[in-house]
Amino acid sequence: MDPQAPKKRGRKPKPKEDKKDEPKMKESTTTKRTAHQHAVDDKYTHWKSLVPVLYDWLANHNLVWPSLSCRWGPQLEQATYKNRQRLYLSEQTDGSVPNTLVIANCEVVKPRVAAAEHISQFNEEARSPFVKKHKTIIHPGEVNRIRELPQNTKIVATHTDSPDVLIWDVEAQPNRHAVLGATNSRPDLILTGHQDNAEFALAMCPTEPYVLSGGKDKSVVLWSIQDHITSSATDPATAKSAGSSGSIIKQSPKPGDGNDKAADGPSVGPRGIYNGHEDTVEDVTFCPSSAQEFCSVGDDSCLILWDARVGTSPVIKVEKAHDADLHCVDWNPLDDNLILTGSADNSVRMFDRRNLTSNGVGSPINKFEGHSAAVLCVQWSPDKSSVFGSSAEDGLLNIWDYEKVGKKVEQGPRTTNYPAGLFFQHAGHRSVTSNCVLPLICILALGF
């Protein structure tokens, strides 16, 4: 059974009018798709032949179902030749089995350990021996986004097609078997406050147990998980279980029991609801140096900066930050003046928050154009302030260094003119690379 295609981001297209030449249009569309698929396959074949040259190590893990989101968790073990790392990913099914949140352990081989012959022998149709499934949570609906809590590596948040944010203690949750008819796992906490579905925009604060979300109700909502702990501290029925678990989440009397309705779990309301967007909020992120400052982007082509200390109205609203819907945003963890955005106009833009606009519209300090389709994710490197990645509907993962922009590059006889700042391109996918910079099947070790 062929897996369903991942969902599209942004505004819904306007309905097309019926036309007499519709069969010819369908035939033309089919021909274009076939030609496009041949081009994608050729590019993939070329990439595969270069794998031993491009990578220090590569693991290819074939999934049964598409994955809308994946995320690195904490490092579990460090050894001489490889490390063991937690990996979170989702499985978007067709309804024959439940949707799941998968907790996996991944063995990551250290640079310059694997032989080139071993790297070149990967099989894209097989499951990697380096990726082991640790636990399965039966998720109430599709898992559109996964985010981990930096203050407690056991806690993750997920977005699905509902107004709520679901919080999971992945160690307390029981391992489930995803079979038809199985009841949903019960979230450890539910964050309420949206008035319409909140599907993609989700962030965890790096300094405090705060959660941020955006949705179709055009609002940004802020919660503190600590509020749930505080409100339950006077509850004698649950105080003992909360103290004994060692978790940041207060445990219910029967944590993780299967339940048809996620709403049966404990819930907490928001600290603030922030209104300023005129269309769906597609992504949010916290300022790395302040739990009270955050920003958001949406289908109104706006980038908005907020400060919870001064109210619920925008501090700065950047109109026309891109020429189309904005899908993603990330704040530089090593230089909190720099913000990245990605858009349906196929570009990535970098803004300096000290000078965001010019004549009332967005004024980026750099534009990066290396994708041929909508950019779905941007993410700064945690190790070097000038390096970031972007992934898009063209199936490519691009690695950029803005310090290379404007620098003269020696051109060889067979050198292709690449976009300014682009210094690596991963082409190991033949379909959409969405919601995460780390590709969903290929796990890479790049020796830069």
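Since the structure is predicted, the reported quantities are computational estimates derived from the model, not experimental observations. Here, residue 1 is the first one in the sequence, and each next residue gets the next number.
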So, using side-chain contact (heavy atoms from CB on, under 4.5 Å) as the criterion, who are the partners of E171 when residues are at least two apart? R86, H134, K154, D169
Going by distance alone, is a donor N or O of one side chain under 3.5 Å from an acceptor N or O of the other, for N398 and Q425? yes
For residues F424 and Y418, establish whether the separation of their ring centroids is below 6.0 Å. no
Find out whether F294 and C205 are in side-chain contact, i.e. whether some heavy atom of one side chain is under 4.5 Å from a heavy atom of the other. no
Sorted by chain and number, sequence neighbours left out, ring-ring contact (aromatic ring centres under 6.0 Å, His included) with H139 holds for W168
Using the salt bridge (Lys or Arg N to Asp or Glu O under 4.0 Å) criterion, which residues pair with E369? Sequence neighbours excluded. none
Could you grab the distance from atom CD1 of I304 to atom SG of C295, nearest 0.5 Å is fine? 10.0 Å
Taking atom types as modelled, find out whether S219 and D217 have a side-chain donor-acceptor pair closer than 3.5 angstrom. yes
Option passing side chain to side chain contact (heavy atoms under 4.5 Å, CB included) with M350 (candidates I339, N366, T341): N366
Going through the distances and angles, do Y274 and L222 end up as a side-chain contact (heavy atoms from CB on, under 4.5 Å)? CA-CA 8 Å; Y274 304 84; L222 174 68; 3.7 Å; yes
Taking atom NZ of K320 and atom CG of D323, what is their separation to the nearest 0.5 Å? 9.0 Å
Under the side-chain contact (heavy atoms from CB on, under 4.5 Å) rule, collect the residues that match up with D336, sequence neighbours excluded. C287, P288, S289, W331, R353
Residues forming a salt bridge (Lys or Arg N to Asp or Glu O under 4.0 Å) with K384, sequence neighbours excluded: D401
Taking the side chain as everything from C-beta on, heavy atoms only, tell me whether D345 gets closer than 4.5 Å to R349. yes
Within the 4.5 Å heavy-atom criterion, are T285 and L212 side-chain neighbours or not? no
Using the side-chain hydrogen bond (donor to acceptor under 3.5 Å, both in side chains) criterion, which residues pair with H159? Sequence neighbours excluded. S213
Please identify each residue that fulfils salt bridge (Lys or Arg N to Asp or Glu O under 4.0 Å) with K317, with sequence neighbours left out. E278
Within a strict 4.5 Å, meaning less than it, do heavy atoms of the I316 and W306 side chains meet? no
Establish, from distance only, whether the side-chain atoms of D394 and H371 form a donor-acceptor pair under 3.5 Å. yes
Quick one about H327 and S343 (side-chain donor to acceptor, distance below 3.5 Å, no hydrogens or angles considered), yes or no? no
Which residues satisfy the side-chain hydrogen bond (donor to acceptor under 3.5 Å, both in side chains) test with N197, sequence neighbours excluded? none
Report yes or no: do R176 and T183 form a side-chain donor-acceptor pair below 3.5 Å? yes
Residues in side-chain contact (heavy atoms from CB on, under 4.5 Å) with N99, at least two apart? Q92, T93, E142
Could I get the full list of ring-ring contact (aromatic ring centres under 6.0 Å, His included) partners for Y402, not counting sequence neighbours? none
Kindly indicate whether the side chain of N275, heavy atoms from C-beta on, has any atom under 4.5 Å from the side chain of K218. no
Side chain to side chain, F351 and L338, heavy atoms closer than 4.5 Å: no
Are W380 and L340 side-chain neighbours, meaning at least one heavy-atom pair lies under 4.5 Å? yes
Just to verify, what does D307 make a side-chain contact (heavy atoms from CB on, under 4.5 Å) with, not counting sequence neighbours? Q292, E293, R309, V310, V315
Taking C-beta and beyond as the side chain, do Y210 and I225 meet within less than 4.5 Å on heavy atoms? no
Is a donor from one side chain sitting under 3.5 angstrom from an acceptor on the other, for N332 and N337? no
Test: D227 and R271 ion pair at under 4.0 Å: yes
K135: what forms a salt bridge (Lys or Arg N to Asp or Glu O under 4.0 Å) with it, not counting sequence neighbours? none
Please report whether the ring centroid of H426 lies less than 6.0 Å from that of Y55. yes
